[in-house]
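Start at 1 with the first residue, then count along the sequence. Remember, it's 1-based here, ligands and their atoms both numbered in the order they're listed.
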Amino acid sequence: NYGQRVMTNRMRAYLPQRIVQFLTATHPTAHKIYLCRHGESEYNTTGRLGGNSPITAKGVVFSEILARFAGEKICGMHRDETTGEWCETSSTKRARLWTSSLIRTIQTAAHIPHPKISNGDWEQMSPRVYRNIDEIFAGDCEGMTPEDIVLNNPQAAHLRSMDKIGYRYPRGESYFDLISRIEPCIQEMESYTEPVLIVSHQAILRLIFAYLTGVDREKAPGMNTFAQNVIYEITLDASCEDLITNDVDAVPSFVVAHDFNADVARLEGVTDAEARRAEIDAIPL
Ligand code: F6P
């Protein structure tokens with residue numbers, strides 16, 4: 001009965017205790033999880049790994065689209081044309097927001113509105129910053145491109161290609177390290193009934209996406225590039241388990257991919273703020 005009643009006996013070992021904690025947090029109430037990668041960063045433009053670079057003009061356009069999507073689609077709020085204020089409506093839902101601690105995700109979420117609702121009881125999309133969902137740390141290879149790694153450290157490139165999930169960058173992390181780093185966040189995410197928007201990074205999102213869609217963890221690091229400018233809307237309820245395919249690059253039927261790549265490309269050149277807002281307001285959500 002999904003945590004309504006949990007009986008345990010002689011729970012002395014670490015793993016069984018964690019399993020009990022997990023089963024206590026999980027619930028079958030239908031709810032949504034939204035995943036998106038940060039908008040384009042300066043490092044993305046040169047193909048460099050990691051770092052803490054800010055987002056580019058393209059990234060800013062995506063951050064503005066994301067703000068409208070979060071306000072209207074996730075929270076069900078309405079933006080008053082004259083005042084610019086976000087207001088509660090009869091379809092408003094309480095919603096949550098997580099970003100990593102890196103500049104590129106914080107900037108991507110920066111325009112999302114945070115009005116108080118429910119007579120001041122709840123701050124919408126209250127920004128929560130978690131280091132647990134920071135990008136994989138490439139250690140000595142931070143700031144390099146994959147080609148630099150092949151040139152400067154061919155052994156690292158070879159070993160990673162042989163065992164991507166287990167390979168730990170020199171003085172850095174592996175995908176296995178990420179799995180244990182994000183575990184507390186997964187537990188917390190499982191306990192929520194409100195929608196949560198997670199703005200994070202490629203490696204972390206591959207793991208969360210694989211977890212939510214039932215893909216084996218060994219396959220997650222080999223997933224296609226986690227698309228930028230796409231918001232994945234994942235509706236979870238007790239029926240999802242029947243829809244799992246274990247195909248690493250498939251988007252299962254309970255996931256909707258809202259792809260804003262064409263809008264970002266079109267609006268990158270529109271520098272007038274008013275004109276850009278009007279164009280963003282006209283995007284069908
Ligand atoms: O290239 C963008 C990026 O987020 C890097 O910062 C990170 O090292 C990489 O993707 C993770 O993807 P992969 O595990 O495929 O190298």
Short N or O distance, [X] and ligand 1, threshold 3.5 Å exclusive:
X	value
Gln202	yes
Glu135	yes
Gly50	yes
Arg104	no
Tyr175	yes
Arg206	yes

Subject >> Validation row, ring centre Tyr169 to ring centre Phe137 under 6.0 Å >> reply: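 Ring centres of Phe137 and Tyr169 not closer than 6.0 Å.
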Original post:
Quick check, are the ring centers of Tyr175 and Tyr167 under 6.0 angstrom apart?
Top reply: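 No, ring centres 6.0 Å or more apart.
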**OP:** Given salt bridge (Lys or Arg N to Asp or Glu O under 4.0 Å), test Glu218 with Lys164 step by step and report yes or no.
**Re:** CA-CA 9 Å; Glu218 280 74 18; Lys164 196 168 175 189; over 6 Å; no
What atoms of ligand 1 come closer than 4.0 angstrom to any heavy atom of [X]?
X	answer
Lys164	13 (P), 14 (O), 15 (O)
Arg160	13 (P), 14 (O), 16 (O)
Arg37	2 (C)

**OP:** Distance to 0.1 Å, residue and atom name: give those for the protein heavy atom nearest to atom 1 (O) of ligand 1.
**Re:**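 For atom 1 (O) of ligand 1, the nearest protein heavy atom comes out as Leu49 CD2, 4.0 Å.
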Subject >> Residues Arg96, Glu194: salt bridge by 4.0 Å N-O rule >> reply: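 Salt bridge between Arg96 and Glu194, a charged N being under 4.0 Å from a carboxylate O: yes.
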**OP:** Would you mind checking if Arg18 and Glu183 are paired as a salt bridge, meaning a charged N to carboxylate O distance below 4.0 Å?
**Re:**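 A salt bridge links Glu183 with Arg18.
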**OP:** Answer with yes or no whether the side chains of His78 and Glu72 bring together a donor and an acceptor at under 3.5 Å.
**Re:**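 Distance-only check fails for Glu72 and His78.
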Original post:
Does the side chain of Glu188 come under 3.5 Å of the side chain of Tyr192 through a donor N or O and an acceptor N or O?
Top reply: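 The criterion, which ignores hydrogens and geometry beyond distance, is satisfied for Tyr192 and Glu188.
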